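Numbered from 1 within each chain, the chains take letters A, B, ... in sequence-line order. Keep in mind the model is a prediction, meaning the values are calculated, not measured.
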Protein chains: 2
Amino acid sequence: MKILIVEDEVGLREAIGSSLEKESYRIETASDFDTASEKIFLYEYDCILLDIMLPDGNGLELLAELKKQGKSENVIIISAKNTLDDKLKGLELGADDYLTKPFHLAELNARVKAVLRRNKLDGKEVVEWKNVRLDLNDRQLFVNNQEVQLNRKEFDILNYFLLNQQRLVTRVALAEYVWGDHMDQADNFDFIYSQIKNIRKKLKESAAEIEIETVYGLGYKLVRI
Amino acid sequence: MKILIVEDEVGLREAIGSSLEKESYRIETASDFDTASEKIFLYEYDCILLDIMLPDGNGLELLAELKKQGKSENVIIISAKNTLDDKLKGLELGADDYLTKPFHLAELNARVKAVLRRNKLDGKEVVEWKNVRLDLNDRQLFVNNQEVQLNRKEFDILNYFLLNQQRLVTRVALAEYVWGDHMDQADNFDFIYSQIKNIRKKLKESAAEIEIETVYGLGYKLVRI
DNA sequence: CTTCTACAATTAGAATTTTCATGGGGTAAA
DNA sequence: TTTACCCCATGAAAATTCTAATTGTAGAAG
């Protein structure tokens, strides 16, 4: 579940962010109109928290644009203004919910959860293959419906493999996906070796019907056993 | 799949290039307006990465031209500008996607893949002749739909032969294609002999309907059996 | 036509290099 | 503290190149 927070006030933005991160959503933030519309344009968000009062433009414009693109159902308006006027405009434009400052973070969490539940069928994001299932929401791995403990990197890597099952996965691509692209010198893949080793072990121990095959000189491939 | 990278900044250009090459696309580059429009005019590309800010002309002009020629569907705009204005212009002109610097290479890869998938029937690139099929993506050889294990050099060599089937392939050309051109002393082709031997063996063992014929004093030729 | 000669090409296997796996240890964050 | 993560040393495995002995070829000479 990916959530975008559009809020110019640093303190509030970070407070909301860390609160939602604890619920294990993935958080991105924008502090002004431009970067917000940029991000909205580029990525898919499951929920957008939108502060109406932005320094360089009115949040309602953003909402209008989202509406045009048919992406306005997941928006929760945040505003100091509590005039009925603005509220109505927001809802006319299809915002899902409306929250006035100040508010309790618990309240926000509840609304977010509600929005997500309403729009997706409880926002289940899972990837499955053979007897393994990866739950993207709470970042859990199940083999034969039995949970297998994975740590963060292991999860990310396995996730990437499942996105590219049966296809060649180069170590560079993997590194970029999991570590971000600041692989200073790309000639040291020791950490990948380590992680792969551990994932293989866990897959084997849990009797998963898939395995990570190495393609000598090129990378890896996720195949069924 | 052939991709053109139009980007004036050397570092970025090469980073993108090598990243995409690892995904086994064929890459060409242009660093300025003129060579870019030149190449676009001359060749067909499956995807064009276009930096808006070029030293000798605005990338949007290029895009406009592509639009006129009906070739604008495969363009991904790259830009430092993140103003909505430019973005909209780009999209009006039919660009397929928009990416602002800085970005993760993994992100770019994903977009490219998406564009290719949307426009062509998936990004699978294969070369076939008689009963042999070479999968350029996964670098696999199939004879009669049966996989035959090849190592890197063998694959590259066979690939080159299939690109030049029935035509003479000199050892020098082969060496340049497979080993890069720093063949210090060009009078030692022992490694080629070795590789050719192994490929021949594997082709014969798998009952391929093609074989590598030697042209005495000149090189080789791939012919049907 | 046969033989000779000077290369050209093939081959098996040895030697080397590249690539990968693994366990252990250190460090920093939780 | 524990845990996650990364680094390093070691060795194994695969790929690649090299070596040296053998065989094949074209053309000239007998």
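The distance from atom NZ of A:K204 to atom P of C:dA21 is 12 Å, rounded to the nearest whole Å. Here the P atom of nucleotide C:dT10 and the CD1 atom of B:I199 are 12 Å apart, to the nearest Å. Between B:Q195 atom CD and D:dA14 atom P there is a gap of 17 Å when expressed in whole angstrom units. Summarising the geometry, the separation between OH on A:Y220 and P on C:dC20 is reported as 6 Å, rounded to the nearest angstrom. Rounded to an integer number of Å, the gap from CD1 of B:I192 to C1' of D:dT19 is 17 Å. Per the geometry, CZ belonging to A:F189 stands 17 Å off C1' belonging to D:dC8, to the nearest Å. Whole-Å rounding puts the A:L203 CG to C:dA21 P distance at 14 Å.
Between A:I76 and A:L50 there is no side-chain heavy-atom pair separated by less than 4.5 Å. Side-chain contact between B:F142 and B:E128: absent, with no pair of heavy atoms (C-beta onward) separated by less than 4.5 Å. Counting heavy atoms from C-beta on, the side chains of A:I212 and A:F161 come closer than 4.5 Å.
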Can you pull every protein N or O that's under 3.5 Å from an N or O on nucleotides 24-27 of chain D?
unit_1 : atom_1 : unit_2 : atom_2 : d
D:dG24 : N2     : B:Y216 : OH     : 3.1
D:dT25 : O2     : B:Y216 : OH     : 3.3

Please list each protein N or O that sits under 3.5 Å from an N or O in nucleotides 22-24 of chain C, with the distance.
unit_1 : atom_1 : unit_2 : atom_2 : d
C:dG23 : N7     : A:K197 : NZ     : 2.8

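Phosphate contact (OP1/OP2 of D:dT16, side-chain N/O of B:W179, threshold under 4.0 Å): absent.
Judged purely by distance below 3.5 Å, without hydrogens or angles, the side chains of B:Y220 and B:R171 pair a donor atom with an acceptor atom. A donor-acceptor contact closer than 3.5 angstrom is absent between the side chains of A:N159 and A:R139.
The number of heavy atoms from other shown groups lying within 6.0 Å of CD (B:E205) is above 12.
Heavy-atom distances to DNA chain C give each of B:R171 and B:K201 a nearest nucleotide, and the one nearer the 5′ end belongs to B:R171.
Residue B:W179 comes nearest to B:K153 through the heavy atom pair NE1-CE, 3.6 Å, listed as atom of the first residue, atom of the second, then distance. In plain terms, the two heavy atoms of A:A207 and A:N144 that are nearest each other are O-ND2, 4.3 Å.
Against DNA chain D, the stretch residues 146-159 of chain A makes heavy-atom approaches under 4.0 Å through A:N151, A:R152, A:K153.
Classification of B:K204 and B:E211 as a salt-bridged pair fails, no side-chain N sitting under 4.0 Å from a carboxylate O.
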